[in-house]
Each structure stands twice: as C-alpha cells, then as structure tokens.
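All remarks here apply to the structure that follows.
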Amino acid sequence: MQEGAILITGGAGYIGSHTVRLLSSQRRKIVVLDNLVYGHRDAIIDDQVEFVKGEVGDKELLKELFSRHAFAAVVHFAAYAYVGESVQNPLKYYRNNTSEPLALLDTMQDFGCKVFVFSSTCATYGVPEVVPINENTVQSPINAYGRSKLMLEWILADCETAWGLRSACLRYFNASGCAEDGRIGEDHDPETHLIPRVLMALTGEAGPVEIFGTDYPTPDGTCIRDYIHVNDLATAHAKALDYLQTGGASLRVNLGTGKGVSVREIISAVEAVTGQSVPVIEGQRRAGDPAQLVADPSLASDILGWRAEHLDILQTVRSAWSWMNGPTKGRYSS
Ligand SMILES: NC(=O)c1ccc[n+]([C@@H]2O[C@H](COP(=O)([O-])OP(=O)(O)OC[C@H]3O[C@@H](n4cnc5c(N)ncnc54)[C@H](O)[C@@H]3O)[C@@H](O)[C@H]2O)c1
C-alpha cells in the first residue's frame with residue numbers, strides 16, 4: 001500500500017492535467033480517475049502517474065482504489081461544465097456534479113480520508129451586485145451548473161460537521177492559457193471558452209467569433225471577465241493541499257487575477273500575438289451573462305499566500321496560441 005497518495009478526479013481534463021503535472025513534479029504520488037468523457041489520456045504526460053479510467057460514482061472501483069492506496073487527500077475536478085447545456089438538461093448536471101461525488105465522499109468517510117480540494121466556480125455567485133466579487137458576496141447561482149456546484153460546497157460543509165472532513169472550495173474565474181512549453185493544453189469539444197474560440201477562428205477550425213452583446217455598461221460595451229492562467233490555478237491547488245495537509249481549517253476562496261478583460265480586449269490581444277485579423281460578428285446579448293465578473297482574490301493571498309503570476313493577458317494568449325499552433329495543433333490524439 002502506497003502511503004500519502006493523492007486521488008485526482010478529472011485529472012485528464014484541462015485544469016486537472018496541468019495540476020497533475022505540477023503536483024507530480026513535486027514528487028507527490030498521484031492517481032488520476034477520469035472517465036475520459038471530456039478528458040484525454042495523452043494529457044497525463046508523467047509516467048509516474050497512475051491513470052484509472054472510471055466513474056467518480058463507481059463505489060466498487062473507489063473501494064478498490066482506496067484499499068490499494070492510503071489516500072491522504074482527494075482533489076476533485078471531475079464535472080460537466082457547459083452552462084448552456086445545464087439549462088437544457090439540468091438533471092445531467094445534478095447527477096454528475098452533485099450526486100456522483102456522494103459515492104466518493106462516502107468512500108472517503110469509510111477509509112478515514114479527510115482532506116478534499118474542490119473545483120468550485122464563480123458561477124456560484126450568479127449576477128453579483130458589486131464587482132470585484134469577494135467571498136462575502138451572496139451565492140445566488142442562476143443556472144443548474146452553478147447550483148450543482150454550490151450544493152457540493154454545502155455538502156462538504158455538512159460532512160465537516162458530521163465527520164471532520166476539511167475542504168478547500170476553490171472558486172475559479174475563467175481558466176485560460178496552457179503550459180508554457182505547449183506540451184499540454186486545452187482541448188474541449190465543443191469549445192466554448194473565449195480565447196481558444198477566438199484562436200480557432202484564425203486556424204479555420206471555427207467560423208467568425210460572435211460577440212454576444214456590445215451594449216453592456218462597460219467601457220467598450222462588451223462583457224468583462226477575469227482570465228486566470230491555468231498554471232496559476234495549478235499552483236493554488238498545490239498550496240491548498242499543503243495548507244490542509246498541515247492542519248489548516250476549511251476555506252472557500254476566489255481564484256482570479258483581480259483584473260477584468262473585455263471581449264474586445266481579448267480579440268485585440270489575439271491580433272497582437274498572432275499578427276492576424278480576427279473575423280468577428282456582433283450579436284445579441286445571451287440571457288444570464290453578467291456584464292462583469294472579476295474576482296477579489298485577496299483572501300486566497302491572505303490564507304494560502306497565493307497570487308496569480310500571469311497578469312498580462314498577452315502572455316496568457318501567447319501560451320494558448322503556442323499550444324493551438326504547436327505540432328498537434330491543439331488536439332490530443334487520445
Ligand atoms: N474551465 C473553467 O474556466 C472553469 C471555471 C470554474 C470552474 N471550473 C471547474 O473546474 C473543473 C475542471 O474544469 P475543466 O475546464 O478542466 O473541464 P474538463 O471537462 O476539461 O475536465 C473535467 C474532467 O472530468 C472528467 N469527468 C467528468 N465527469 C466525470 C465522472 N463522473 N467521472 C470521472 N471523470 C469525469 C472529464 O472526462 C474531464 O476529463 C470542473 O469541475 C469545472 O466545473 C472550470
């Protein structure tokens with residue numbers, strides 16, 4: 001039995017794979033559990049990492065894994081994350097994002113594993129009245145995706161009361177960018193994230209970029225978001241694990257840069273990095289898109305000593321372009 005291993009669900013996905021790479025480089029023993037519905041086997045590039053294809057809700061499989069490894073902690077990325085789909089098919093989201101993890105928590109309780117790092121989201125805040133958003137902002141999600149995540153935050157708090165689980169709910173803003181060496185990156189199908197979507201308009205993988213609304217009360221009329229580099233997210237997970245594993249109390253923190261960037265600014269950044277002109281269509285607002293979502297990340301800095309290092313959007317876009325424009329053209333083969 002391997003002592004102190006860490007179970008990472010969804011570790012073959014976008015944010016998970018970057019975090020697996022960092023944690024493994026820190027000589028931690030990592031086991032990845034992913035059903036590969038959206039993830040990629042090739043996104044796990046370290047041979048030391050054990051990969052298991054399977055479901056987060058598969059109790060027999062979990063029992064086998066927990067019997068074989070004395071897991072010191074679980075990092076839980078596995079989820080569905082398409083907001084629009086969650087509105088059309090809410091039960092799919094409640095099943096996968098809220099209900100399936102119950103089997104995982106049950107097994108953790110049975111095996112006495114009491115540290116949990118959770119991929120929460122700024123979508124749990126809904127449409128905030130005040131920006132930047134701090135952790136005292138009321139959580140009032142406006143779609144099934146946000147609610148499916150908020151419910152798991154509540155469940156984690158209840159598990160703490162009942163059996164002492166300590167958790168870090170990390171509320172990410174817009175994950176973006178790729179590994180600086182271009183070896184791993186973002187490969188979603190369908191791709192809805194703005195930076196890869198804009199780059200795909202240049203590579204011909206997608207049509208012109210539609211700007212959803214140009215009449216928002218923002219300086220250039222387009223929506224403003226907080227683009228946090230995926231490697232900064234990975235670093236925050238490493239710090240959250242260290243913090244919880246050395247006895248730190250449960251925490252709920254925003255992970256963002258604290259800096260807002262508009263849709264038009266992203267398009268300009270892509271044009272600056274690539275030297276190409278982006279084809280654009282100006283469309284209508286989408287229902288439920290807040291004008292601005294920007295984090296106040298100071299609590300994560302106070303508690304974890306974590307700060308985003310990628311503050312220049314050009315640097316973030318450059319890393320995404322090096323992956324999209326690299327040898328595999330931004331696609332994994334498996
Ligand atoms: N990407 C963002 O901007 C963002 C922002 C806030 C929160 N999040 C959250 O971060 C996490 C990771 O996001 P991502 O962008 O890397 O998504 P992703 O789809 O790339 O990764 C999720 C991974 O989980 C796996 N998975 C899903 N359901 C599973 C299940 N039941 N059992 C086993 N594996 C399963 C998928 O195959 C995939 O590899 C998600 O929980 C998401 O909700 C993402």
Side-chain angles (χ1 to χ4, degrees), residues 13-15 17 36-40 42-43 80-89 92-93 121-123 142-145 173-179 182 184-216 218-230 260-293 313-334:
Y14 168 45
I15 306 169
S17 59
L36 298 184
V37 166
Y38 288 114
H40 305 275
D42 284 359
Y80 295 146
Y82 291 108
V83 170
E85 183 185 56
S86 83
V87 175
Q88 300 301 321
N89 195 351
K92 177 175 177 180
Y93 279 69
T121 164
C122 63
I142 57 166
N143 48 57
Y145 168 64
F173 282 63
N174 288 48
S176 53
C178 295
I184 56 173
E186 183 168 16
D187 179 2
H188 288 128
D189 185 16
E191 186 53 82
T192 55
H193 293 154
L194 182 62
I195 294 174
R197 187 57 195 76
V198 175
L199 294 172
M200 286 161 76
L202 293 182
T203 60
E205 266 195 87
V209 177
E210 182 166 0
I211 302 180
F212 297 111
T214 53
D215 59 349
Y216 281 97
T218 58
D220 67 18
T222 65
C223 284
I224 290 178
R225 297 288 179 269
D226 185 329
Y227 294 88
I228 176 76
H229 195 281
V230 67
V261 181
S262 74
V263 175
R264 285 199 204 281
E265 285 171 329
I266 292 289
I267 292 169
S268 300
V270 167
E271 292 182 332
V273 165
T274 64
Q276 299 180 48
S277 166
V278 175
V280 163
I281 298 171
E282 295 192 356
Q284 299 300 311
R285 292 184 181 197
R286 283 186 303 201
D289 258 350
Q292 290 198 53
L293 289 174
I313 195 66
L314 288 172
Q315 189 189 7
T316 300
V317 168
R318 210 172 285 124
S319 71
W321 183 232
S322 68
W323 161 245
M324 293 268 306
N325 206 31
T328 65
K329 300 284 174 219
R331 292 286 178 208
Y332 292 106
S333 56
S334 66

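Everything quoted here is computed from the prediction, not taken from an experiment.
In terms of the side-chain contact (heavy atoms from CB on, under 4.5 Å) criterion, residue partners of Asn143 (sequence neighbours excluded) are, by chain and number, Val83, Ser86, Val87, Tyr145. Legend: residues meeting ring pair (Phe, Tyr, Trp, His ring centres under 6.0 Å) with Tyr216, ordered by chain and number and at least two apart, are absent. The salt bridge (Lys or Arg N to Asp or Glu O under 4.0 Å) check on Glu282 picks up Arg264, with sequence neighbours excluded. With sequence neighbours left out, the side chain to side chain donor-acceptor pair (under 3.5 Å) criterion links Ser319 to His229. The side chain to side chain donor-acceptor pair (under 3.5 Å) search around Ser268 returns none, not counting sequence neighbours. For Glu85, the side chain to side chain donor-acceptor pair (under 3.5 Å) partners at least two apart in sequence or on another chain are Lys92, Tyr93. The ring pair (Phe, Tyr, Trp, His ring centres under 6.0 Å) check on Tyr332 picks up His40, Trp323, with sequence neighbours excluded. Residues satisfying the ring pair (Phe, Tyr, Trp, His ring centres under 6.0 Å) test with His193, not counting sequence neighbours, are His188. When the ring pair (Phe, Tyr, Trp, His ring centres under 6.0 Å) test is applied to Phe212, no partner is found at least two apart in sequence or on another chain. For Lys329, there are no side chain to side chain donor-acceptor pair (under 3.5 Å) partners two or more places apart in sequence or in a different chain.
Of all heavy-atom pairs between Pro196 and Glu186, the closest is CG-OE1, 3.5 Å. In terms of heavy atoms, Gly288 sits closest to Ile142 at O-CD1, 3.2 Å. Looking at every heavy atom in both residues, Cys223 comes nearest to Pro290 through SG-O, 3.6 Å. The minimum heavy-atom distance linking Leu194 with Tyr227 is given by the pair CD2-OH, 3.4 Å. For the pair Cys178 and Ala320, the tightest heavy-atom approach, listed with the atom from each and the gap, is SG-CA, 3.9 Å. Nearest approach of Val198 to Ile267, heavy atoms of both residues: CG2-CG1, 4.3 Å.
In this structure, Gln284 CD and Asp289 CG are separated by 13.0 Å, a value rounded to the nearest 0.5 Å. Of the inter-residue distances, the one linking Ser262 atom OG with Ile224 atom CD1 reads 6.0 Å to the nearest 0.5 angstrom. Residue Thr328 holds its OG1 atom at 11.5 Å from CD1 of Ile184, rounded to the nearest 0.5 Å. For the atom pair Ser176 OG and Ile313 CD1, the distance stands at 5.5 Å (nearest 0.5 Å). With values rounded to the nearest 0.5 angstrom, Arg318 atom CZ is found 13.5 Å from Asn325 atom CG.
Applying the salt bridge (charged side-chain N to carboxylate O under 4.0 Å, His left out) definition to pairs two or more places apart or across chains, those involving residues 204-216 are Glu205-Arg331, Asp215-Arg285.
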Name the atoms and distances for all side-chain donor-acceptor pairs under 3.5 Å in residues 272-280, with sequence neighbours left out.
residue, atom, partner, partner atom, Å
Thr274, OG1, Val270, O, 2.8
Thr274, OG1, Gln276, N, 3.1

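At a cut-off of 3.5 Å, with distance as the only test, a side-chain donor of Asp220 or Thr222 sits close to an acceptor on the other residue.
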Chi angles and distances behind the side chain to side chain contact (heavy atoms under 4.5 Å, CB included) call for Tyr14, Tyr38: CA-CA 9 Å; Tyr14 168 45; Tyr38 288 114; over 6 Å; no
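Tyr82 places no side-chain N or O within donor-acceptor distance of the main-chain N or O of Thr192, the cut-off being under 3.5 Å.
Between Ile195 and Ile266 the shortest side-chain heavy-atom distance falls below 4.5 Å.
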